[in-house]
Amino acid sequence: MTHALLVIDVQNDFCPGGALAVAGGDEIVSGINAAMNDFDAVILTQDWHPAGHSSFASSHDAEPMSLTEMPYGRQVLWPDHCIQGSVGANFHPNLTVDRADMIIRKGYNPAIDSYSAFFENDHKTPTGLEGYLRTRGIDTLTLVGLATDFCVNYSAVDAAKLGFNVTVQMDLCRAIDFDGSLAAAIDGMRAAGVDVT
Ligand code: VGL
Ligand code: ZN
């Protein structure tokens, strides 16, 4: 067994004071740093949108947190966040970035959001992470980070569908919890075979 820690989107914009702040998002940083020593590999993801991204409410003259239909399905419209090269897109300053073997960016396609670290929201376009993990012989993943109900959830479900052994360590995650999204995410992850602990 080769076991990787997959750290999802621990970026300034998802922490208190950020553009899409997740309550308590900064509380998990020191625990994630400590956990890094227990794994064979550490991989970080980074939400990385061009300005004017199609997932931004501002690109549709809409209210943040409203819903729209995209060619690939329903999409929450978010406040502008994690714009490429911005301070908000940087990792939290206390995250031990130097320990990472790999940093994978996602959400760079202007027309498609990408919650999952494996596929864009069309559920078809790969990010390349699957190939990276398989060529390194990594078969087991523990996911931590932000946000439990969006990027952690989508990444965990895709990883389980791809055949990886997947655990989500909830004490090192924090949720947006928008309109019942956390309860739905926990049910969906368990149904996909993810160990939510
Ligand atoms: C995320 C909403 C928009 C996340 C990213 O990291 O969970 N959520 N972009
Ligand atoms: Zn995003």
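For ligands, and for the atoms within them, numbers begin at 1 and follow the listed sequence. No hydrogens, no waters, no symmetry mates; every other heavy atom, side chains included, goes into these values.
A donor and an acceptor atom, one from each side chain of Ser58 and Asp80, are located under 3.5 Å apart. Asp113 and Gln75 share a donor-acceptor pair across their side chains, judged by distance under 3.5 Å alone. Side chains of Asp158 and Ser116: a donor on one and an acceptor on the other come within 3.5 Å.
Stacking of Arg174 on the aromatic ring of Phe14 is not recorded, the 6.0 Å distance cut-off and the 45° axial limit not both being met.
Tyr108 has its ring centre no less than 6.0 Å from the ring centre of His53.
If you look at the Zn ion (ligand 2), the protein N, O or S atoms less than 2.8 Å from it are Asp47 OD2, His49 NE2, His81 NE2.
For the pair Asp171/Gln169, a side-chain contact is recorded, criterion being any heavy-atom separation below 4.5 Å from C-beta on.
For the side-chain hydrogen bond (donor to acceptor under 3.5 Å, both in side chains) test with Lys106, the passing option among Asp47, Thr127, Thr45 is Asp47; the others fail.
Residues Val152 and Leu20 are members of separate hydrophobic clusters, defined by side-chain heavy-atom contacts under 4.5 angstrom among Ile, Leu, Val, Met, Phe, Trp and Tyr.
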Could you go step by step and tell me if Lys124 and Glu120 meet the salt bridge (Lys or Arg N to Asp or Glu O under 4.0 Å) rule? CA-CA 7 Å; Lys124 287 200 287 270; Glu120 295 184 346; over 6 Å; no
Provide, line by line, the atom pairs where ligand 1 and the protein bring an N/O atom each to a distance under 3.5 Å; else say none.
{"unit_1": "ligand 1", "atom_1": "6 (O)", "unit_2": "Asp9", "atom_2": "OD2", "d": "2.6"}
{"unit_1": "ligand 1", "atom_1": "6 (O)", "unit_2": "Leu146", "atom_2": "O", "d": "3.3"}
{"unit_1": "ligand 1", "atom_1": "7 (O)", "unit_2": "Ala147", "atom_2": "N", "d": "3.0"}
{"unit_1": "ligand 1", "atom_1": "7 (O)", "unit_2": "Cys151", "atom_2": "N", "d": "3.0"}
{"unit_1": "ligand 1", "atom_1": "9 (N)", "unit_2": "Asp47", "atom_2": "OD2", "d": "3.1"}
{"unit_1": "ligand 1", "atom_1": "9 (N)", "unit_2": "His81", "atom_2": "NE2", "d": "3.1"}

